[in-house]
Amino acid sequence: MGLLRCCLLLLLYLSCVFCLPTGRNSICGYKSCPATIASMLNVHLVPHTHDDVGWLKTVDQYFYGGRNNIQHAGVQYILDSVIDQLQKDPARRFIYVETAFFYRWWKQQSQSTRRIVTQLVDEGRLEFINGGWCMSDEATTHYSAVIDQMTLGLRFLNDTFGECGRPRVAWHIDPFGHAREHASIFAQMGYDGFFFGRLDYQDKSRRMKTKEMEMLWRASESLKPPLADLFTGVLPNGYNPPEGFCWDQSCDDAPFQDDPDLEDYNVNEIVHKFLNASHKQAAFYKTNHIIMTMGSDFQYENANLWYKNMDKLIKYVNALQAKGSKVNVLYSTPSCYLQELNQANLTWPLKTDDFFPYADDAHDFWTGYFTSRPALKYYERLSNSRLQTCNQLEVLGGSKSTSGPFGEGDSDTMRRAMGVAQHHDAVSGTEKQHVANDYARRLATGWAHCEVLVSNSLAYLSGSAAPRVFCENLNISVCPLTEGSHKFSMNVYNPLGRTVRWPVRLPVNGSAYNVTDANGKAVDCEVIAVSTSTQEVRRNRGYAKNELVFQAQAPPLGYSTYIISRVQGQPPSSSFKTKSPYVIQNKFLKVRFDPNTGLLSSLTNLETQQTIRLTQNFYWYNASAGNNKESRQPSGAYIFRPNSSDLFIISKTAGIEMISVYNTVQEVTQRFSPWVSQVVRLYDDRKELELEWTVGPVPVADGLGKEVITRFDTDIKSTGYFYTDSNGREVLERRKDYRPTWDLKQTEPVAGNYYPINSRAYIKASSSQLLFIYLYPKFEAKQDEKCQLTFVTDRSQGASSIDNGSMEIMLHRRLLYDDFRGVGEPLSEPGEFYQGLVARGRLLLMLTSPDEAADVHRPLAQGMVLQPLLSFQDGSPAASMKLQFSGLQAALPPAVHLLTLSQWDKETVLIRLEHQYQAKESKTHSQPVTVNLRKLFSTLEVLGASEMSLGANQWKEDMNRLNWKNEANSKPLPPRARDSSPWEVTLNPMEIRTFLLRVR
Ligand SMILES: *[C@@H]1O[C@H](CO)[C@@H](O)[C@H](O)[C@H]1NC(C)=O
Ligand SMILES: [Zn+2]
């Protein structure tokens, strides 16, 4: 007894000493930076490793070092080895970047190792940089998922290390081009600076000459400076060490051989070479500080090699100072380097556009990955929608959601799967096929966990624990429950903060149905035969003959239930004869087809009476096989390299299979070839035209790789200008064969004009033309000069406007050669039946005046990103079941988007409210708007609110970023207007505000 008590006391004592942060002596952050010498050139050696969260191997294979036959890489050994080496000398530094790996490693460490690591972090010897779950891709990610993955990583770091775990610097050394929205997000997350490795080779050479490798990036046209200002630096050697100084076990450069008694003494030689490299590099930068990235992909598995030689480098180079050398080498970190730049107090050039597209040589444009793996790109986007729904229902269902009649569910699995999927070789489509499969499997597993949570939550909110079924394959008309059942109910959950109506299409086998809404009111519906194209894609995965089509509506942040019963003995809906067979129209839009070709021929906005000529067709570029006379670069997973600018038409005419005109929807089914078809749809109360395209399997038996596009040709005088979104948020102006910051020498007339689109793109009459009209008012504006044609997409894609009035979107790629950027496989996805992947997706088209365009495309794009979640229950619902629910007291104002609602811990939830309009883009909505946090929710009582940084790892009041002088020399702004009360929060255009709410 006595002994036991003694042990217990000892244990208690030990655990106090080991685990509590009290008494921790933290000198991390800028305070922990090494001293430098003002009169010398200071060379900051930054020991680092670049650990891809999946690429040639899966994330877990990389962590353990499995399948080293593919690539020798094991992150667990890297962290083991680095922690060992850091302890040997307090001067040594290391940075770590990818929290997905660090989290895996930390879980397995003993208390004593954790204590050592914590001390290294507290002393700034091990520093977290970037700190998201992964280093996200910038071209193909959506801002909502990027913010989530950053929040996940940063939260782990704060929970584990507190303030010393907070990264000061964003670090995207490998992504293939850089998005302005990413910079804006980093600024709002409180980062002081940003470094990257890859930019266009012409841009880089100009910046080196003009010493503009470091700049201030003004990353938003709407947010008031310096809110979205981010100091940005281009690293000198990508992220590699200067040539000759790679001392990793994977490198062959000579180590220091410093015993004069032995053969091959080489100290003078290495030191001399290093001084040369330092001076050469310093010539391109403005201050007497330069940074050298000492590491590369998966390096430091045996960290001793690196540190032993860097120790000697520092010793021998600095020893020359006694003989008058003016070079000082030191172990450092990106934040310590950044601090020196800040203290230099210079005026930095201002950057306002972005870093797309990225080319590393004249014929090597990295614009293929904007579209690579279109199905994975869609699955990732859909998974984001599902994660948001899962998060929301976890909050709305409370503790009943994670544990309930359907078992134990969670949102963490999905959150981590999405975190991994944002990596720059994940959603980008630049991984090996087996790794792409692994990402998809993780998302599916994540959803399986969410499905339980969502079912529990809906059971709690509705009072019905009857089995609930989710149908994964509605896009190919497969859902066993709806196909077989005579009576069932459909729950439609709406993750948006306003009431939304969506067209729903359910596979059925009956020919007539009654549909009633939650109030018992009959809903107009149609029964339409499943198209042949869908039957061909579906094969034997389902047998539904028809689709039941109706518009379903759900209240803000809530659900509505529809009851559907089969009516016996009635024929399917019959379609009307139209007056003119090649026209479909509703009260907003008139769509004409050319009777001779079957192609779209014009679009009329019936409200404004604007008509544009519009033809659409499908084409392919012949992918270069690497035997072209100008360059041997083939098209591949990363690179888009058409063999010539010629477009190969798939078919000059579209066979029109069906024109179906019903009360609620009108459809034209076009077939272009056995592997390309499309349904053009106009729903009766919608302003947009929907194009559902199906492409694949792309045939390659002719030995030609194909990059398949759809192109729209109009008479809009766009004069080379077009517009694309950045990560789904702000829109940037693009101009053919032009870059805003340097004189472009265009070497790839097609690939060099491609840009990523994440949710939308548009063309309109160019501003110069409007200026012309302004200068010569008598010159009457033609109709088309006031119109804008907007495209909303369901996933990230590559797009361009090569000819005036034209817009093309790349939908699918199937290639026969690897493009020599490391992936080592041609991009030829096998698909489920190993005959080539079939991809299907939707494009929405809107014809409006430029003035009202944003009012239509912003909400439409949000609705495309956050899809309704459908679930089904067989039979009649119990009388006690609650058929409708809204988590909000009232719909949010039209300008406000509920970006995040997720459970943070037991008593708190994280909420992000976003103003979804840019300044000046909408006459009605580009105004500040106020929301009352206390009056937001219908079922949650809000007890308190604390504002946080965008990454939710810092209280807003503690945010204090470094200031930078810039060319624009803008005066610091007066502090923003205070909210009138802690509950009333005001959002300015494009602003996102993040709060931790205490709720009951
Ligand atoms: C960071 O974590 C600490 C505990 O380590 C916690 O007390 C603090 O509130 C967290 N900060 C934020 C902004 O969440
Ligand atoms: Zn990488």
Side-chain angles (χ1 to χ4, degrees), residues 19-22 24 26 28 48-57 59 62 71 73 75 97-98 100-101 106 114 118 121-122 128-141 150-167 171-178 189-190 195-198 235 238-240 293 295-299 358 366 369 420 422-432 435 637-638 821-823 902-911 944-960 994-998:
C19 320
L20 294 181
T22 39
R24 263 166 57 182
S26 310
C28 59
H48 82 105
T49 178
H50 177 65
D51 298 347
D52 289 307
V53 180
W55 179 38
L56 310 182
K57 307 203 286 189
V59 53
Y62 274 132
Q71 178 188 11
V75 174
V97 176
E98 296 86 5
F101 284 125
W106 181 259
R114 289 182 176 189
T118 304
V121 173
D122 284 348
F128 293 99
I129 292 289
N130 212 59
W133 206 245
C134 70
M135 183 185 294
S136 53
D137 178 56
E138 299 197 41
T140 66
T141 46
M150 290 302 300
T151 304
L152 180 62
L154 294 175
R155 182 171 186 189
F156 174 83
L157 295 178
N158 184 60
D159 286 352
T160 312
F161 300 106
E163 178 63 10
C164 286
R166 184 168 66 82
W171 183 256
H172 269 211
I173 54 180
D174 196 24
F176 332 124
H178 302 279
M189 287 182 171
F195 293 96
F196 64 70
R198 296 182 188 272
L235 296 167
Y239 52 89
N240 298 304
T293 41
S296 194
D297 291 4
F298 297 98
Q299 294 197 356
Y358 163 57
W366 298 46
Y369 78 99
V420 165
Q422 304 311 307
H423 168 61
H424 56 268
D425 296 300
V427 63
S428 59
T430 56
E431 65 283 67
K432 282 194 186 286
V435 181
Y638 305 84
R821 293 304 184 282
V823 72
S902 84
Q903 198 73 35
W904 190 254
D905 57 29
K906 250 197 157 87
E907 270 122 36
T908 57
V909 300
L910 187 72
I911 182 175
S946 316
E947 186 158 13
M948 304 181 97
S949 66
L950 181 61
N953 66 333
Q954 212 183 2
W955 305 109
K956 185 80 183 234
E957 66 208 28
D958 296 339
M959 279 180 81
N960 185 18
T994 306
F995 297 90
L996 199 59
L997 302 183
R998 256 187 324 118

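Both counts, for ligands and for their atoms, begin at 1 and track the order of listing. Any value given below was found using the heavy atoms of this structure, including those in side chains, with hydrogens, waters and symmetry copies removed.
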query: What protein N, O or S atoms come within a distance below 2.8 Å of the Zn ion (ligand 2), ordered by chain and number?
result: His50 NE2, Asp52 OD1, Asp174 OD2, His424 NE2
field: Nearest neighbour in protein (non-hydrogen) for atom 14 (O) of ligand 1
entry: Asn158 ND2, 3.6 Å
field: Those residues that, when tested against Cys134, pass disulfide bond (SG atoms under 2.5 Å apart) (two or more places apart)
entry: none
Heteroatom proximity flag, Trp904 to ligand 1, N/O under 3.5 Å: no
field: Polar side-chain atom of Trp133 near backbone of His423 as donor-acceptor pair, under 3.5 Å
entry: no
- request: Flag the pair Trp106 / Phe161 as yes when their ring centroid distance falls below 6.0 Å, and as no otherwise.
  value: yes
- prompt: Asp425 and Ser428: side-chain donor and acceptor closer than 3.5 Å?
  reply: no
Donor-acceptor pair between Arg198 and Tyr358 side chains, under 3.5 angstrom: yes
message: Side chain, backbone, both or neither: which applies to Asn953 and ligand 1 if a contact is any heavy-atom pair less than 4.0 Å apart?
response: backbone
- prompt: Do side-chain atoms of Tyr638 reach the backbone of Phe176 as a donor and acceptor pair under 3.5 angstrom?
  reply: no
query: With atoms numbered from 1 as shown, which atoms in ligand 1 lie under 4.0 angstrom from a non-hydrogen atom of Met948?
result: 13 (C), 14 (O)
Protein contact of atom 9 (O) of ligand 1 - nearest heavy atom, named by residue and atom, plus distance: Trp955 CZ2, 3.8 Å
- request: Verify, without hydrogens or angle tests, whether Lys956 (side chain) and Ser946 (backbone) share a donor-acceptor contact under 3.5 angstrom.
  value: no
- prompt: Side chain or backbone of Gln954 under 4.0 Å from ligand 1, or both, or neither, by non-hydrogen atoms?
  reply: backbone
- prompt: Heavy atoms of the protein only: does one fall short of 4.0 Å from atom 7 (O) of ligand 1?
  reply: no
task: Measure from the side-chain N and O atoms of Thr293 to the backbone N and O of Asn240, and report whether any donor-acceptor pair falls under 3.5 Å.
output: yes
- prompt: When His172 is tested against each of Glu138, His424, His178 for side-chain hydrogen bond (donor to acceptor under 3.5 Å, both in side chains), which residue passes?
  reply: Glu138
